[in-house]
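One structure is given below, encoded as structure tokens.
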Amino acid sequence: MKTDVAIIGSGPSGLMLGHLLRQAGVEAVIVERQSKEHVLSRIRAGVLETVTTDILEDLDIADRMRAEGLPHDGFNLADGERLIRIDIKALTGKQVMVYGQTEVTKDLIDAAPARGLEIIWEAEETALHDIESDAPYVAFTKDGAQHRIEARFIAGCDGFHGPSRKAVPEASGRGFEKVYPFGWLGVLCDAPPCDHELIYANHENGFALASMRSMTRSRYYIQVPLTEQVEDWPDDKFWEELCRRLPPAAAANVTRAPALEKSIAPLRSYVFEPMRHGSLFLAGDAAHIVPPTGAKGLNLAASDVRYLSRALIAWFKKNDAEGLAGYSQTALARVWKAERFSWQLTMLMHRFPEDGPFDRRIQLAELDYIATSETARRAIAENYVGLPL
Ligand code: RFL
Ligand code: PHB
């Protein structure tokens, strides 16, 4: 099989990139390791910046998001008792959209056949070849048979554990990493959210987040040590600890319902530089990971593919290589600022094992500063809604 751009991975980055290329008449094929059902059942991010909603609008795949998504004008930080509202609409003029990554993925997958975007599901042993040449190819097996997709470029959109980043020779790239000594235990349930906006709570016992997917579906998280397993957290214990950490008014409003999904995600910051090697371009989690505290993971995938699609389209349609030459530098400038924001919010809101009373007082002082300074709130709001492309 021959195409212009072979895309590895049908997460948000691969799907958005594939659609943006197809919209401009560039050929693209996606190779995905999992089944369609598996990809559609993954529960992940929930807050979309305009960078992401604009892509869905521009692709004309935004009807359901517009109908079912919840535009939010603000969110809250909490320090025990107090709610500190960050009025993002008043401070930035922008909103964020609460619409699950699962739904974004579904909308993009549903629209693919009509747009001529082929997705090959359940591909095994995906491998990248000749990425330093002008004729790279992706080899994989499916149903026991070997296949190969020859392309001019390969887009590595295969997440943190995929083969693309690993295909870059060790001497040609560098990873920057920070691993946090805890994870987020997440619960999804069919119950109305405890507040109409998100609450990020700093409590002596650790962080908690009250989020949602709709007015009838809640998403809650609590910080847990990495040594703990999902089995250590029966529903009752989860609800007790969540309500202990949320401010009292919100806790009183939590509707406890059976968990539809419960999982622990470790927190990590990671950036791989550069995001290009020869004919291979990395995008999304394949190139970088942020802790979920800033709600940036999915939105960074969107900004990467916005830059990358523009550059690829200029190359194919106008023979212009400038965008591709600058892709890594342009994308990384935005990535590092989102890394900084996610790290800052993670440090502010979590309890670290080595923290003593001094560190706790510093966190509370910073939260009090945010509560009393519009300048501080504006800086948070500006980053939360997403920095300009
Ligand atoms: P994805 O979504 O990981 O998609 C990568 C795709 O590549 C496929 N793949 C392969 N395909 C072919 N051959 C191979 N050898 C392959 N290896 C992997 C995978 O099956 C998958 O379909 O990356 P993408 O597209 O860059 O999108 C990034 C976002 O998914 C990610 O940044 C966010 O979801 C991060 N994230 C969260 N972000 C938030 O802002 N809020 C959250 O609550 C939140 N929760 C999460 C998360 C990421 C998680 N992961 C990756 C473990 C929860 C989890 C569990
Ligand atoms: C979520 O709803 O899953 C969510 C929301 C905000 C975050 C992280 C996760 O910062």
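In this chain, numbering begins with 1 at the start of the sequence shown. Remember, it's 1-based here, ligands and their atoms both numbered in the order they're listed.
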Item to check | Set of residues satisfying ring pair (Phe, Tyr, Trp, His ring centres under 6.0 Å) with respect to Trp315, sequence neighbours excluded | outcome: Phe153
Next on the checklist: Looking at non-hydrogen atoms alone, which of Gly9, Cys157, Ala287, Gly297 comes nearest to atom 5 (C) of ligand 1?
Outcome noted: Cys157
Next on the checklist: Does the residue Ala123 have a heavy-atom contact with ligand 1, meaning some pair of atoms that are separated by less than 4.0 Å?
Outcome noted: no
Next on the checklist: Just to be sure I read this right, does ligand 2 sit under 4.0 Å from the backbone of Arg213, its side chain, both, or neither, counting only heavy atoms?
Outcome noted: side chain
Item to check | Closest approach of any protein heavy atom to atom 2 (O) of ligand 1, naming residue and atom | outcome: Arg44 NH1, 2.9 Å
Checklist entry - Just going by heavy-atom distances, which of Pro163, Gly186, Ala286 is nearest to atom 15 (N) of ligand 1? => result Pro163
Next on the checklist: Using a 4.0 Å heavy-atom cut-off, which part of Ala295 comes near ligand 2: side chain, backbone, both, or neither?
Outcome noted: both
Checklist outcome for this item: Looking only at protein heavy atoms, what sits closest to atom 29 (C) of ligand 1 is Gln101 NE2, 3.7 Å
Next on the checklist: Looking at non-hydrogen atoms alone, which of Ile289, Thr102, Asp285, Ile43 comes nearest to atom 31 (C) of ligand 1?
Outcome noted: Asp285
Checklist outcome for this item: Ranked by distance from atom 17 (N) of ligand 1, the top protein heavy atom is Arg33 NE, 3.5 Å
Next on the checklist: Testing the basics here: between Lys262 and Asp235, what is the closest heavy-atom pair and its distance to 0.1 Å?
Outcome noted: NZ-OD1, 2.6 Å
Checklist entry - Is the closest heavy-atom distance from Arg42 to ligand 1 below 4.0 Å? => result yes
Checklist outcome for this item: Of all protein heavy atoms, the one nearest atom 18 (C) of ligand 1 is Asp158 O, 3.2 Å
Checklist entry - Once the angle between the rings of Trp239 and Tyr220 is folded into 0 to 90°, is it parallel (under 30°), tilted (30 to 60°) or perpendicular (over 60°)? => result perpendicular
Checklist entry - Which residue owns the protein heavy atom closest to atom 8 (C) of ligand 2, what's the atom, and how far is it? => result Pro292 O, 3.4 Å
Checklist entry - When you measure from atom 6 (C) of ligand 2 to every protein heavy atom, which one gives the shortest distance, and what is it? => result Tyr200 OH, 3.3 Å
Item to check | Protein heavy atom at shortest distance from atom 8 (C) of ligand 1 | outcome: Glu32 OE1, 3.3 Å
Item to check | Sub-3.5 Å N/O-N/O distance, Tyr384 and ligand 2 | outcome: no
Checklist entry - Quick one: do the Tyr327 and Arg276 side chains pair a donor with an acceptor below 3.5 Å? => result no
Checklist entry - Is the number of heavy atoms from other residues, nucleotides or ligands under 6.0 Å of Gln146 CD greater than 12? => result no
Checklist entry - Can a non-hydrogen atom of Trp184 be found less than 4.0 Å from any atom of ligand 2? => result yes
Checklist entry - Nearest to atom 13 (N) of ligand 1, what protein heavy atom do you find, and at what distance? => result Thr126 OG1, 3.1 Å
Checklist entry - Nearest protein heavy atom to atom 42 (C) of ligand 1, by residue and atom, and its distance? => result Ala45 CA, 3.4 Å
Item to check | Region of Ile8 engaging ligand 1 - heavy atom pairs below 4.0 Å | outcome: side chain
Checklist entry - Below 3.5 angstrom, do we get any N/O pair linking Tyr221 and ligand 1? => result yes
Checklist entry - Under 4.0 Å between a Lys/Arg side-chain N and an Asp/Glu carboxylate O for Glu261 and Arg42? => result no
Checklist entry - Hey, is Arg44 one of the residues with a heavy atom under 4.0 angstrom from ligand 2? => result yes
Item to check | Any N/O pair Gly14/ligand 1 closer than 3.5 Å | outcome: no
Checklist entry - When you look at NZ of Lys237, are more than 12 heavy atoms from neighbouring residues, nucleotides or ligands closer to it than 6.0 Å? => result yes
Next on the checklist: Taking the basic N atoms (NZ, or NE/NH1/NH2) and the acidic carboxylate oxygens, is any pair closer than 4.0 Å for Glu241 and Arg245?
Outcome noted: yes
Checklist entry - Any luck finding a side-chain donor-acceptor pair between Arg44 and Thr102 under 3.5 Å? => result no
Checklist entry - Can we say Glu240 and Arg256 salt-bridge, meaning some charged N sits less than 4.0 Å from an Asp/Glu carboxylate O? => result yes
Item to check | Top protein contact for atom 24 (P) of ligand 1, by heavy-atom distance | outcome: Ser13 OG, 3.3 Å
Next on the checklist: Is the distance between the ring centroids of His350 and Tyr180 under 6.0 Å?
Outcome noted: no
Next on the checklist: Looking at Arg174 and Glu273, is any side-chain nitrogen of the basic one under 4.0 Å from a carboxylate oxygen of the acidic one?
Outcome noted: no
Next on the checklist: Contact between ligand 2 and Leu209 is defined here as a heavy atom of the residue under 4.0 Å from a ligand atom; is it met?
Outcome noted: yes
Next on the checklist: Under 3.5 Å between any N/O of His161 and any N/O of ligand 1: does that happen in this structure?
Outcome noted: no
Checklist entry - Are the charged groups of Arg334 and Glu49 less than 4.0 angstrom apart, N to O? => result yes
Checklist outcome for this item: min-distance protein heavy atom vs atom 3 (O) of ligand 2 -> Tyr221 OH, 2.6 Å
